[in-house]
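Before any comments, here is the structure.
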Amino acid sequence: MSLALRNAQRVVPVRRAPLRRAVCALRAALGASRFDVGLVCASNALMQRLNDAYRRCPEPTDVLSFPFHQVTAGELPRPRCRDDYNLGDIFLGVEYIHQQCLGTGEDFDDVLTVTAAHGLCHLLGYRHDTKPEWEQMYQKEAQILEELNRLTGSRLRPLTAGLL
């Protein structure tokens, strides 16, 4: 199905085609190719507003995911009709991610892809609030990034490596 990619910020240039290809490959690695996904590249201001509204955390962040379905980690949604073939929306804080990359020296496009993988996992019910949840999410991220690495020759690692 489709991947709707929208760049809602003008601060950081985003290479949309490689990001689109990577997210489509990650969605396939999750077995969710038939589901629609919305991907929004957002500024710090938008991420801060969303983070405050939905998480009561008034600061920008790297990723926010808004699942269409509530599913148990590791399960795909079971749509009842065509309109239900939607995983949800991912907001990537590209300005925030870019600032972090400037500080760490990491490749912006790589970190953007890894962050999108993290967001996709959240759409499918993965969380990292506890150590067992973190371990489960880490394993899933590692698995789908390994598949992407195999296809592209990259060496991407899960975002959750630094959590908990």
Side-chain angles (χ1 to χ4, degrees), residues 1-27 29-30 32 35-71 73 77 85-131 133-142 144-145 148 152 154 156-164:
M1 292 303 198
S2 72
L3 170 67
L5 175 58
R6 180 170 173 246
N7 189 0
Q9 57 84 48
R10 297 179 195 261
V11 179
V12 179
V14 175
R15 297 177 54 222
R16 294 168 55 136
L19 180 59
R20 177 183 296 280
R21 281 192 302 273
V23 172
C24 286
L26 291 164
R27 198 173 47 170
L30 285 163
F35 290 90
D36 296 332
V37 172
L39 187 64
V40 178
C41 296
S43 66
N44 277 348
L46 177 56
M47 292 303 284
Q48 181 173 337
R49 284 195 309 275
L50 292 171
N51 206 16
D52 188 28
Y54 291 97
R55 297 181 62 230
R56 302 289 182 247
C57 193
E59 55 195 38
T61 189
D62 56 352
V63 63
L64 292 168
S65 296
F66 298 94
F68 187 78
H69 301 274
Q70 297 299 320
V71 294
Y85 279 86
N86 183 355
L87 288 183
D89 297 316
I90 301 167
F91 285 74
L92 294 175
V94 295
E95 186 178 358
Y96 182 92
I97 293 166
H98 187 259
Q99 290 167 343
Q100 297 296 312
C101 289
L102 290 176
T104 63
E106 292 177 277
D107 181 79
F108 171 70
D109 292 319
D110 287 351
V111 175
L112 204 57
T113 298
V114 170
T115 307
H118 186 82
L120 280 168
C121 286
H122 276 309
L123 292 182
L124 290 174
Y126 291 92
R127 305 189 51 83
H128 46 76
D129 298 327
T130 66
K131 187 164 174 78
E133 288 175 340
W134 173 84
E135 289 171 352
Q136 183 182 36
M137 187 164 183
Y138 181 86
Q139 290 300 321
K140 181 51 73 174
E141 282 186 42
I144 65 172
L145 289 171
L148 183 63
T152 64
S154 303
L156 305 177
R157 294 185 46 231
L159 184 63
T160 52
L163 298 175
L164 263 193

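Note that the structure is predicted; figures quoted are calculated from it, not measured.
Between Pro77 and Leu124, the shortest heavy-atom contact is CD-CD2, 4.0 Å. Heavy-atom minimum distance, Gly119 versus Val63: CA-CG2, 4.0 Å. The two residues Phe35 and Arg27 make their nearest non-hydrogen contact at O-NH1, 2.9 Å. The two atoms that bring Val94 and Phe108 nearest to each other are O-CE1, 3.6 Å, heavy atoms only. When every heavy atom of Ala73 is checked against every heavy atom of Gly125, the shortest pair comes out as CB-O, 3.6 Å. Across Ala116 and Ile90, no two heavy atoms sit closer than the pair O-CD1, 4.0 Å.
With contacts defined as side-chain heavy-atom distances shorter than 4.5 Å, the pair Pro18/Arg21 qualifies. Contact annotation: the side chain of Leu92 approaches that of Leu39 to within less than 4.5 Å [non-hydrogen atoms, C-beta and beyond]. In this structure the side chain of Leu148 reaches within 4.5 angstrom of the side chain of Thr113, judged on heavy atoms. At a threshold of 4.5 Å between non-hydrogen side-chain atoms, the residues Phe66 and Tyr54 count as touching. Looking only at side-chain heavy atoms (C-beta outward), His122 and Met137 come within less than 4.5 Å of each other. Taking the side chain as every heavy atom from C-beta outward, Glu141 and Arg157 never approach each other to under 4.5 Å. Side-chain contact check for Val40 versus Asp89: every heavy-atom pair is 4.5 Å or farther apart. Side-chain contact between Met47 and Leu64 is present, with at least one heavy-atom pair separated by less than 4.5 Å.
Panel note: side chain Glu95, backbone Asn44; a donor-acceptor pair is recorded below 3.5 Å. Checking side-chain atoms of Gln139 against main-chain N and O of Glu135 turns up no donor-acceptor pair under 3.5 Å. Put simply, the side chain of Asn51 never gets that close to the backbone of Thr61: no donor and acceptor are under 3.5 Å apart. For Gln48 (side chain) and Ala45 (main-chain N/O), no donor-acceptor pair under 3.5 Å exists by modelled atom type. The closest donor-acceptor contact from the side chain of His69 to the backbone of Asn86 lies under 3.5 Å. In this structure a side-chain-to-backbone donor-acceptor pair under 3.5 Å is present from Arg20 to Leu3.
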* Is there a side chain to side chain contact (heavy atoms under 4.5 Å, CB included) between His118 and His128 once you walk through the steps? -> CA-CA 10 Å; His118 186 82; His128 46 76; 3.3 Å; yes
* **Verdict with supporting geometry, Ser2 and Asp36, side-chain hydrogen bond (donor to acceptor under 3.5 Å, both in side chains)** => CA-CA 5 Å; Ser2 72; Asp36 296 332; 3.2 Å; yes
* Asked: Could you go step by step and tell me if Leu87 and Phe68 meet the side chain to side chain contact (heavy atoms under 4.5 Å, CB included) rule?
  -> CA-CA 5 Å; Leu87 288 183; Phe68 187 78; 6.0 Å; no
* To do: Apply the test side chain to side chain contact (heavy atoms under 4.5 Å, CB included) to residues Leu145 and Leu26: give CA-CA distance (whole Å), side-chain angles for both, the deciding distance (0.1 Å), then the verdict.
  => CA-CA 7 Å; Leu145 289 171; Leu26 291 164; 4.0 Å; yes
* side chain to side chain contact (heavy atoms under 4.5 Å, CB included) between Arg15 and Asp109, worked out -> CA-CA 8 Å; Arg15 297 177 54 222; Asp109 292 319; 2.9 Å; yes
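Remark: Gln136 CD to Tyr126 OH distance equals 5.5 Å, nearest 0.5 Å. If you take CD1 on Ile144 and CG on Leu120, they are separated by 6.0 Å, rounding to the nearest 0.5 Å. Within the model, atoms CZ of Phe91 and SG of Cys41 stand 10.5 Å from one another, a figure rounded to the nearest 0.5 Å.
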N/O donor to acceptor pairs below 3.5 angstrom from side-chain atoms of residues 4-12, sequence neighbours left out:
residue: Asn7; atom: OD1; partner: Gln9; partner atom: N; Å: 3.4
residue: Asn7; atom: OD1; partner: Gln9; partner atom: NE2; Å: 2.8
residue: Gln9; atom: OE1; partner: Val11; partner atom: N; Å: 2.9
residue: Gln9; atom: OE1; partner: Val12; partner atom: N; Å: 2.8
residue: Gln9; atom: NE2; partner: Val12; partner atom: O; Å: 2.8

